[in-house]
Q: 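What follows is a structure written as structure tokens; I'll ask about it next.
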Amino acid sequence: MQNHPVNSLSMDFLTEFLINLEKLENDRSCRGIILTSGVPKIFSAGLDIMEMCGKSAEHYAEFWRAVQEMWLRLYQSNMVTIAAINGSSPAGGCLMAMSCDYRIMAENPKYSIGLNETRLGIVAPFWFKDTMVNTIGNRATESSLELGLSYSSPEAHKIGLVDQLVPEEKLQSTAAAVMSQWLAIPDHARQITKSMMRKPTVDRLLAHREADIQNFVSFISKDSIQKSLQMYMEMLKQKRG
């Protein structure tokens with residue numbers, strides 16, 4: 001992923017990501033992908049706040065549909081998907097990592113991962129929550145989401161948010177070795193098993209997709225939420241400045 005400066009999930013990024021994912025899905029010689037970042041110290045900072053601030057209801061709806069589509073395609077991909085997390089991964093970045101089959105994180109105390117939406121005054125949607133419950137269980141998800149927790153790499157490993165910790169210089173070689181293990185399993189058996197495990201979670205979003213979009217539009221359009229997002233953007237500008 002190369003969307004400088006922080007691999008934020010903008011409309012353009014999501015569109016390009018989906019196009020590339022579809023190309024790889026259709027390429028029979030490609031059986032797996034390693035998702036990692038080409039930007040130093042950050043895997044993905046999550047949803048692009050610029051897409052959620054001061055835009056029209058139509059834009060918010062189109063943006064949210066693209067976010068849903070990214071998750072639906074990645075979460076139920078027929079390919080083996082491994083996240084090589086080489087930097088911090090808050091919010092939507094954490095969702096992308098959790099959507100993969102296996103997560104390896106660089107052992108760096110400065111890197112963190114988690115669904116921290118409540119800290120911005122926003123609420124992680126039910127399918128973000130469902131994905132996290134499937135990864136770390138109900139009780140850990142409840143406290144994670146309510147408190148908007150970000151976990152250091154050792155903490156993330158301890159609760160099962162990531163499967164493996166390795167020194168940063170060994171991240172890509174470890175991901176390649178893990179990929180070999182997964183590709184040793186016959187594709188059809190692995191794909192059917194993955195679908196069986198993940199289908200109820202996917203079906204729940206598909207059944208409520210339009211309502212989820214309307215919920216997002218109505219929530220993000222509120223004056224109080226817009227004000228809170230604008231304040232957060234100002235804070236980020238001051239940090240960069």
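Values in this document were obtained by computation on a predicted structure and should not be read as measured data. Just so you know, residue 1 is the first one in the sequence shown, and it goes up from there.
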Q: On a heavy-atom basis, which atom in Ile159 and which in Ile136 lie closest, and how many Å separate them?
A: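 Result for this residue pair: O-CG2, 3.4 Å.
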Q: Could you tell me whether His157 atom NE2 has more than 12 heavy atoms of other residues or ligands within 6.0 Å of it?
A: yes
Q: Evaluate the criterion salt bridge (charged side-chain N to carboxylate O under 4.0 Å, His left out) for residue pair Lys158 and Glu155; output intermediate values, then yes/no.
A: CA-CA 5 Å; Lys158 189 177 178 183; Glu155 290 167 340; over 6 Å; no
Q: Quick check: is Leu165 connected to Val178 through a chain of hydrophobic side chains (ILVMFWY, heavy atoms under 4.5 Å apart)?
A: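 Val178 and Leu165: separate clusters.
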Q: Begin from the C-alpha positions of Ser10 and Met50 and carry the test side chain to side chain contact (heavy atoms under 4.5 Å, CB included) through to its verdict.
A: CA-CA 8 Å; Ser10 64; Met50 300 285 285; over 6 Å; no
Q: Are Trp182 and Ile34 connected in a single hydrophobic cluster, I mean Ile/Leu/Val/Met/Phe/Trp/Tyr linked by side-chain heavy atoms less than 4.5 Å apart?
A: yes
Q: Set out, in order, the CA-CA distance, both residues' side-chain angles and the distance that settles side chain to side chain contact (heavy atoms under 4.5 Å, CB included) for Phe128 and Cys94, then state yes or no.
A: CA-CA 9 Å; Phe128 281 51; Cys94 178; over 6 Å; no
Q: For Gln191, does its backbone N or O pair with a side-chain atom of Ser195 as donor and acceptor, under 3.5 Å?
A: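 Not a single qualifying donor-acceptor pair exists.
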Q: Would you call Leu35 and Phe43 a side-chain contact if the rule is heavy atoms closer than 4.5 Å?
A: yes
Q: Mind listing the closest non-hydrogen atom pair of Met79 and Lys194 along with its distance?
A: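 Closest heavy-atom pair between Met79 and Lys194: O-NZ, 3.4 Å.
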Q: What's the separation between atom CD1 in Ile104 and atom CG in Asp163, rounded to the nearest 0.5 Å?
A: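 Reported value, rounded in 0.5 Å steps: 8.0 Å.
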Q: Ignoring hydrogens and geometry, is there a side-chain-to-backbone donor-acceptor pair from Glu51 to Met11 under 3.5 Å?
A: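 Such a contact is found between Glu51 side chain and Met11 backbone.
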Q: Measuring from Asp130:CG to Asn138:CG, what's the distance to the nearest 0.5 Å?
A: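 Asp130 CG to Asn138 CG: 10.0 Å, rounded to 0.5 Å.
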Q: Starting at OG of Ser99, measure out to CG of Asn134 and round the result to the nearest 0.5 Å.
A: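 It comes to 10.5 Å.
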Q: Mind checking whether Val80 and Tyr102 have side chains closer than 4.5 Å, heavy atoms only?
A: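 No, side chains not in contact.
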Q: Is there a path of hydrophobic side-chain contacts, each under 4.5 Å between heavy atoms of I/L/V/M/F/W/Y residues, joining Val123 to Leu149?
A: yes
Q: Show the nearest heavy-atom pair for residues Met105 and Gly87, with the distance to one decimal.
A: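 Heavy-atom minimum between the residues: CE-O, 4.2 Å.
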Q: Going by side-chain hydrogen bond (donor to acceptor under 3.5 Å, both in side chains), name the residues that satisfy it together with Glu210, two or more places apart in sequence or in a different chain.
A: Arg65
Q: Between CD1 of Ile33 and CG of Leu24, what distance do you get to the nearest 0.5 Å?
A: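 Here the interatomic distance stands at 6.5 Å.
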Q: How close do Met96 and Phe13 get, counting heavy atoms only, and between which atoms?
A: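 Heavy atoms only, the tightest pair is CE-CE2, 4.3 Å.
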Q: With rounding to the nearest 0.5 angstrom, report the CG to CG distance, Leu161 to Leu115.
A: 8.0 Å
Q: Nearest 0.5 Å please: distance from the SG atom of Cys100 over to the CD1 atom of Ile85.
A: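 These two atoms lie 8.0 Å from each other.
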Q: Return a table of donor-acceptor pairs under 3.5 angstrom between the side chains of residues 169-176 and protein atoms on other chains or two or more places apart.
A:
{"residue": "Gln172", "atom": "NE2", "partner": "Thr36", "partner atom": "OG1", "Å": "3.2"}
{"residue": "Ser173", "atom": "OG", "partner": "Lys170", "partner atom": "O", "Å": "3.1"}
{"residue": "Thr174", "atom": "OG1", "partner": "Lys170", "partner atom": "O", "Å": "2.6"}

Q: Evaluate the side-chain proximity of Lys129 to Thr141: yes if any heavy-atom separation is below 4.5 Å, no if none is.
A: yes
Q: Mind listing the closest non-hydrogen atom pair of Leu229 and Met52 along with its distance?
A: CD1-O, 3.6 Å
Q: Between Ser152 and Pro109 (side chain of the first, backbone of the second, donor and acceptor by atom type, cut-off under 3.5 Å), is there such a pair?
A: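 Pair absent, no side-chain N/O of Ser152 close to backbone of Pro109.
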Q: Heavy atoms only: give me the nearest Val202-Trp71 pair and the separation to one decimal.
A: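 Answer, listing the atom of Val202 first, then Trp71: CA-CH2, 4.0 Å.
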Q: Go through Asn215 and Trp64 one step at a time and tell me if the side chain to side chain contact (heavy atoms under 4.5 Å, CB included) criterion holds.
A: CA-CA 10 Å; Asn215 283 344; Trp64 198 244; over 6 Å; no
Q: Is there side-chain contact between Leu9 and Val67, with at least one heavy-atom pair below 4.5 Å?
A: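 No; the side chains remain at least 4.5 Å from each other.
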Q: Short question: side chain of Asn7, backbone of Met1 - any donor-acceptor pair under 3.5 Å?
A: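 Checked: pair present.
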Q: Are any side-chain N or O atoms of Arg103 and backbone N or O atoms of Ala97, one a donor and one an acceptor, separated by less than 3.5 Å?
A: yes
Q: Taking the side chain as every heavy atom from C-beta outward, state whether Asn3 and Ser8 have any pair of such atoms under 4.5 Å apart.
A: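 SC-SC contact between Asn3 and Ser8 confirmed.
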Q: Compare all side-chain heavy atoms of Leu206 with those of Leu72 and state whether any distance is below 4.5 angstrom.
A: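 In short, these two side chains touch, coming nearer than 4.5 Å.
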Q: Using only atom types and a distance under 3.5 Å, with no angle test, would you say the side chain of Ser88 pairs donor to acceptor with the backbone of Ser112?
A: yes
Q: Does the side chain to side chain contact (heavy atoms under 4.5 Å, CB included) test come out yes or no for Leu145 and Thr118, once each step is laid out?
A: CA-CA 7 Å; Leu145 292 185; Thr118 51; 5.8 Å; no
Q: Does this structure show an ion pair linking Arg190 with Asp187, if we count only N-O contacts that are shorter than 4.0 Å?
A: yes
Q: Can you tell me if Ser228 uses its side chain to pair, donor with acceptor, with the backbone of Leu120 under 3.5 Å?
A: yes
Q: Heavy-atom count check: over 12 atoms from other residues, nucleotides or ligands less than 6.0 Å from Asp223 CG?
A: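 For Asp223, atom CG is not crowded (no more than 12 foreign heavy atoms under 6.0 Å).
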Q: When hydrophobic residues are tied together by side-chain contacts of less than 4.5 Å, even through go-betweens, does Val133 share a cluster with Tyr151?
A: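 Different clusters.
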Q: Do Met235 and Ile225 belong to the same hydrophobic cluster, where Ile, Leu, Val, Met, Phe, Trp and Tyr are linked whenever their side-chain heavy atoms lie under 4.5 Å apart, directly or via other members?
A: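 Hydrophobic grouping puts Met235 with Ile225.
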Q: Atom CD of residue position Glu16 - does it have more than 12 heavy atoms of other residues, nucleotides or ligands inside 6.0 Å?
A: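 Count not over threshold, so no.
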Q: Please determine whether the number of non-hydrogen atoms from other residues, nucleotides or ligands lying under 6.0 Å from atom NE2 of His4 exceeds 12.
A: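 Yes, because the 6.0 Å sphere around NE2 of His4 holds more than 12 heavy atoms from other groups.
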Q: For the backbone of Cys53 and the side chain of Gln230, can you confirm whether one donor and one acceptor N or O come within less than 3.5 Å of each other?
A: no
Q: Taking Lys199 for the side chain and Gln76 for the main chain, is one N or O donor matched with an acceptor at less than 3.5 Å?
A: no
Q: Could you check whether Trp127 and Asp212, counting side-chain N and O atoms only, form a donor-acceptor pair closer than 3.5 Å?
A: yes
Q: Please determine if Arg73 and Glu69 form a salt bridge, counting it only when a charged side-chain N lies under 4.0 Å from a carboxylate O.
A: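 Salt bridge present between Arg73 and Glu69.
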Q: Given 3.5 Å as the limit, does a donor-acceptor pair link the side chain of Tyr60 with the main chain of Phe216, or not?
A: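 Between the backbone of Phe216 and the side chain of Tyr60 there is no qualifying donor-acceptor contact (under 3.5 Å).
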Q: Lys23 and side chain to side chain contact (heavy atoms under 4.5 Å, CB included): which single residue from Asn26, Ile19, Leu21, Asp27 fits?
A: Ile19
